[in-house]
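All values reported here derive from a predicted model rather than from experimental measurement.
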Amino acid sequence: MKKLLNYLSVITLLCAGTLSAQLERDSDLFQTILKQDQVYFDAYNDCDLDTQAALLSDDLEFYHDQGGLSLSKSDILSSIKTNICGKVRRELIAASVEVHEIKGFGAVEIGLHKFYNREEPDAISKPSRFITLWKNEGDSWKMHRIVSLH
């Protein structure tokens with residue numbers, strides 16, 4: 001719990017201190033991150049676990065307000081396969097997205113998204129917040145740290 005609070009504190013300070021540094025929506029980096037988000041979540045929605053695995057850092061940390069902390073990429077992918085594939089669809093609220101550059105590392109993406117449970121088609125989906133720390137690894141981008149708040 002202390003690690004999560006420390007991590008969230010760093011992200012909060014980072015974001016609060018750089019709100020004026022938010023990238024313009026038409027910037028190359030903003031568009032790159034938006035495209036990476038789309039590629040990952042198209043794979044998520046289509047149960048393409050290979051593409052998802054390719055976009056997740058090997059030392060991924062996934063913080064979920066209801067599920068807790070997950071540190072195993074393979075466990076996360078297994079959980080997605082068991083609990084998400086064919087059952088849940090994610091939709092980005094594109095107008096909510098902010099991207100902040102992290103010099104020499106990558107970028108932070110902050111925004112809102114909705115999840116729809118295909119097994120409960122009449123259920124109302126409320127927007128929830130996410131924070132993704134994207135790591136640039138040469139020619140590729142990896143989801144390095146993820147915070148999901150519902």
If I take atom [atom1] from residue [X] and atom [atom2] from residue [Y], how far apart are they, to the nearest 0.5 angstrom?
| X | Y | atom1 | atom2 | value |
| --- | --- | --- | --- | --- |
| His150 | His113 | NE2 | NE2 | 5.0 Å |
| Leu56 | Leu49 | CG | CG | 10.0 Å |
| Glu119 | Lys87 | CD | NZ | 5.5 Å |
| Arg25 | Ser27 | CZ | OG | 10.0 Å |
| Leu23 | Thr32 | CG | OG1 | 10.0 Å |
| Leu60 | Leu77 | CG | CG | 8.5 Å |

Distance-only, no hydrogens or angles: does the [X] side chain make a donor-acceptor pair with backbone N or O of [Y] under 3.5 Å?
| X | Y | answer |
| --- | --- | --- |
| Glu109 | Val97 | no |
| Asp46 | Asp48 | no |
| Lys114 | Arg89 | no |
| Thr82 | Ser78 | yes |
| Ser125 | Phe115 | yes |

request  = Under 4.5 Å between side-chain heavy atoms, chaining through other members, with only Ile, Leu, Val, Met, Phe, Trp and Tyr counted: pull out the rest of the cluster around Leu112, sorted by chain and number.
outcome  =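 Listed partners: Ile93.
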task = Determine, for Phe41 and Arg90, whether the Lys NZ or Arg CZ falls below 6.0 Å from the six-membered ring centre while staying within 45 degrees of the axis.
result =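 Pair Arg90/Phe41 counts as cation-pi.
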task = May I ask you to check whether over 12 heavy atoms, not counting those of Lys81, lie within 6.0 Å of atom NZ?
result =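 Open: at most 12 neighbouring heavy atoms sit under 6.0 Å from NZ of Lys81.
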inquiry  = Surrounding CD of Gln66 (heavy atoms of other residues, nucleotides or ligands, distance under 6.0 Å), is the total greater than 12?
reply    = yes
Criterion side-chain contact (heavy atoms from CB on, under 4.5 Å) on Tyr40 and Gln38, from CA distance to verdict = CA-CA 5 Å; Tyr40 179 83; Gln38 179 182 353; over 6 Å; no
message = Applying side-chain contact (heavy atoms from CB on, under 4.5 Å) to Leu149 and Ser128, what does each step give before you reach the verdict?
response = CA-CA 6 Å; Leu149 308 169; Ser128 59; 5.9 Å; no
Does a side-chain heavy-atom distance below 4.5 Å link [X] with [Y]?
| X | Y | result |
| --- | --- | --- |
| Val39 | Leu55 | yes |
| Ile131 | Tyr63 | no |
| Val99 | Val108 | no |
| Leu92 | Leu34 | yes |

inquiry  = Could you work out, with side-chain hydrogen bond (donor to acceptor under 3.5 Å, both in side chains) as the rule, every residue matching Ser79, not counting sequence neighbours?
reply    =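 For Ser79 the side-chain hydrogen bond (donor to acceptor under 3.5 Å, both in side chains) partners, ignoring immediate neighbours, are Asn83.
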Shortest non-hydrogen contact from [X] to [Y]?
| X | Y | value |
| --- | --- | --- |
| Gly106 | Trp141 | CA-CZ3, 3.6 Å |
| His144 | Ser57 | ND1-OG, 3.2 Å |
| Gly86 | Arg118 | O-CD, 3.7 Å |

Side-chain donor-acceptor contact under 3.5 Å, Gln52 with Tyr44 =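 Note: Gln52 and Tyr44 side chains miss the donor-acceptor criterion.
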query = Side chains of Gln36 and Trp134: do they bring a donor and an acceptor to under 3.5 Å?
reply =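 No - no donor-acceptor pair under 3.5 Å links their side chains.
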task = Using a strict 4.0 Å threshold on nitrogen-to-oxygen distance, state whether Glu61 and Arg145 make a salt bridge.
result = yes
request  = Group every Ile, Leu, Val, Met, Phe, Trp and Tyr by side-chain heavy-atom contacts under 4.5 Å, then state whether Tyr116 and Val88 land in the same group.
outcome  = no
key: Asp37 vs Thr132, side-chain contact (heavy atoms from CB on, under 4.5 Å): CA-CA, chis, key distance, verdict   = CA-CA 9 Å; Asp37 181 283; Thr132 303; 5.7 Å; no
